[in-house]
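Throughout, a chain's letter reflects where its sequence line sits, starting with A, and its residues are numbered from 1. Hydrogens, waters and symmetry mates are skipped; everything else that's a heavy atom, side chains included, is used.
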Number of protein chains: 2
Amino acid sequence: MNLTCETCPVRDSAACSVLSDKERDALAQAGRTRVLKRGEMLFAAGDEDAACATLVSGALKICATDRDGNEQILALAHPSGFIGEMFAPFAHHDVVALTESRLCVFPKRDMQRAIEDYPALARALLRRSQEDLHSTRSLLELTAHGSAEARLAALLHDFARAASDSPCHPAQEFELPLSRGEIANMLGLTIETVSRKLGELEDSGAIRRKGKRGIELVDPAYLRMLSGKEED
Amino acid sequence: MNLTCETCPVRDSAACSVLSDKERDALAQAGRTRVLKRGEMLFAAGDEDAACATLVSGALKICATDRDGNEQILALAHPSGFIGEMFAPFAHHDVVALTESRLCVFPKRDMQRAIEDYPALARALLRRSQEDLHSTRSLLELTAHGSAEARLAALLHDFARAASDSPCHPAQEFELPLSRGEIANMLGLTIETVSRKLGELEDSGAIRRKGKRGIELVDPAYLRMLSGKEED
DNA sequence: CGTATAATTGATATTACTCAATAACAGTGG
DNA sequence: CCACTGTTATTGAGTAATATCAATTATACG
């Protein structure tokens with residue numbers, strides 16, 4: 001399917017939004033929309049022809065797999081996010097859809113050419129890359145030093161923020177985008193520990209669980225306190 | 001002090017190496033060399049006027065400090081590495097010299113202008129940023145899932161590679177750029193655990209300790225095996 | 001040489017993991 | 001609609017790993 005930038009929900013926020021209409025149309029010639037169902041893979045670690053993509057809707061996980069077959073989630077991608085390593089000869093990580101997801105996919109070659117042809121695009125991607133770097137470092141900080149409770153509290157807080165319309169105030173109620181197992185492996189914990197700590201957070205009155213994946217933030221300040229971040 | 005690119009040891013490897021002589025000289029007008037002694041700070045988290053810099057010689061650590069005053073090392077910078085967040089209004093992390101270090105420092109404004117004026121520079125920084133992202137994700141992978149032994153083994157292996165001239169083969173003998181405390185906080189461990197595990201690695205014949213910071217790799221393959229990476 | 005800092009070593013406590021069983025739930029086909 | 005099956009989540013008991021606390025030893029520095 002060809003790209004229809006006119007009606008694209010992320011046309012004003014994705015990297016390509018910095019292009020002029022004409023430039024964007026030229027880039028769109030090289031791209032294709034692609035829809036991934038939950039669990040489908042965009043590309044796998046080691047793929048030489050791994051494409052680049054902008055996420056239009058849905059959510060992706062970027063994950064590494066060690067030689068024992070254990071998966072580790074390194075990052076999540078949200079709409080308007082950019083995926084792909086233009087400069088690496090092959091993909092370092094797997095990219096998998098968490099929910100049904102719509103993407104604009106570009107062959108690596110074409111994206112390389114595009115950043116040569118459109119300096120503004122290169123700058124936009126640089127900005128995004130630095131933001132990704134920052135969020136990966138935040139996750140690293142959490143994972144290395146926090147207790148299981150702190151990691152979980154911080155993750156819930158992040159998800160609440162991501163689920164909210166306004167970027168500053170967290171949503172009061174939201175659905176977890178990840179299963180217990182995915183949460184566990186993102187935070188370097190086990191499923192059992194995640195389950196137990198969620199229970200403890202509920203007992204302590206910080207959250208309330210609504211079904212399997214629904215979370216209501218009862219006491220966001222307490223959650224924030226547990227997560228070890230600056231208070232505000 | 002003004003920049004003397006002609007004799008710069010990283011003139012062929014740093015981001016600025018993609019510029020023509022003329023462009024590079026123009027950029028050099030805006031820059032200054034700066035020498036940091038061990039422990040000196042380039043800038044602190046929260047600084048609004050945090051500069052950008054290319055590391056010429058020495059080594060830096062990028063670290064976060066939580067509200068209890070605990071420091072966490074998120075990344076190291078080696079010669080030809082680029083430091084600085086051009087797009088953030090203030091620095092997110094502290095940057096501190098691990099050893100006496102020489103840098104080319106550029107005001108953020110000038111660097112922003114440079115990436116507008118020189119598209120090749122923006123692309124070079126994009127490439128670097130993606131590499132940094134990848135190494136941060138590697139550290140995350142390690143920290144989240146590995147045992148204390150695996151983390152330490154992987155770190156030693158990384159240092160051995162960084163210390164070597166040839167990028168593929170690790171150096172057989174090298175000096176640790178970090179104190180025990182710094183290693184501990186980079187890996188999310190305690191000083192005591194690092195000390196004990198180093199002892200065990202020595203007992204098991206993987207390494208030999210030469211003084212406080214010297215390390216000799218006796219059995220690199222075994223170390224690599226412990227670190228949980230693919231064997232080769 | 002004496003003092004401060006960094007590293008090692010030991011004993012104990014805590015946390016999260018492992019293994020195992022049970023429970024909730026979703027999807028499927030009768 | 002309900003039983004059946006596989007998946008995901010919860011809960012419990014015991015264990016292993018690492019943190020913590022405390023003491024000692026090495027090293028560096030003035």
### Separation of atom NZ in A:K210 from atom P in C:dC25, rounded to whole Å
15 Å
### Task
Consider only side-chain N and O atoms of A:S138 and A:S135, and report whether a donor and an acceptor are under 3.5 Å apart.
no
### Task
For B:L155 and B:L187, run side chain to side chain contact (heavy atoms under 4.5 Å, CB included): C-alpha distance rounded to whole Å, both residues' side-chain angles, the deciding distance at 0.1 Å, then the answer.
CA-CA 8 Å; B:L155 192 74; B:L187 297 177; 4.0 Å; yes
### Message
So if I take residues 182-189 of chain A and measure heavy-atom distances to DNA chain C, which residues fall below 4.0 Å?
### Response
A:G188, A:L189
### Task
Drop me the distance from A:L125's CG to B:Q130's CD, to the nearest 0.5 angstrom.
7.5 Å
### Message
Is there a side-chain contact between A:F43 and A:D49 in this structure, where contact means two heavy atoms from C-beta onward sitting under 4.5 Å apart?
### Response
no
### Query
Expressed in angstrom and rounded to an integer, what is the separation of B:H145 atom NE2 from C:dT18 atom P?
10 Å
### Task
In sequence, state the C-alpha distance, the side-chain angles, and the governing distance for B:E85 and B:H92, and then conclude on side chain to side chain donor-acceptor pair (under 3.5 Å).
CA-CA 8 Å; B:E85 298 162 283; B:H92 288 101; 2.8 Å; yes
### Query
Should we say atom CZ of A:R209 is surrounded by more than 12 heavy atoms from elsewhere, each under 6.0 Å from it?
yes
#### Entry: Separation of atom CG in A:L176 from atom C1' in C:dC25, rounded to whole Å
16 Å
#### Entry: Spacing between A:L226 atom CG and C:dT15 atom P, to the nearest angstrom
14 Å
### Message
Rounding to an integer number of Å, can you tell me how far B:E200 CD sits from C:dT8 P?
### Response
13 Å
### Message
To the closest 0.5 Å, what do you measure between CG (B:D94) and CD1 (B:I62)?
### Response
10.5 Å
### Message
Nearest 0.5 Å, please: how far is CG in A:L198 from CD1 in A:I207?
### Response
5.0 Å
### Task
Would you mind building the protein contact string for nucleotides 7-12 of chain D? One character per nucleotide, 5' to 3', B for base within reach (heavy atoms under 4.0 Å), S for sugar-phosphate only, - for untouched.
--SBBB
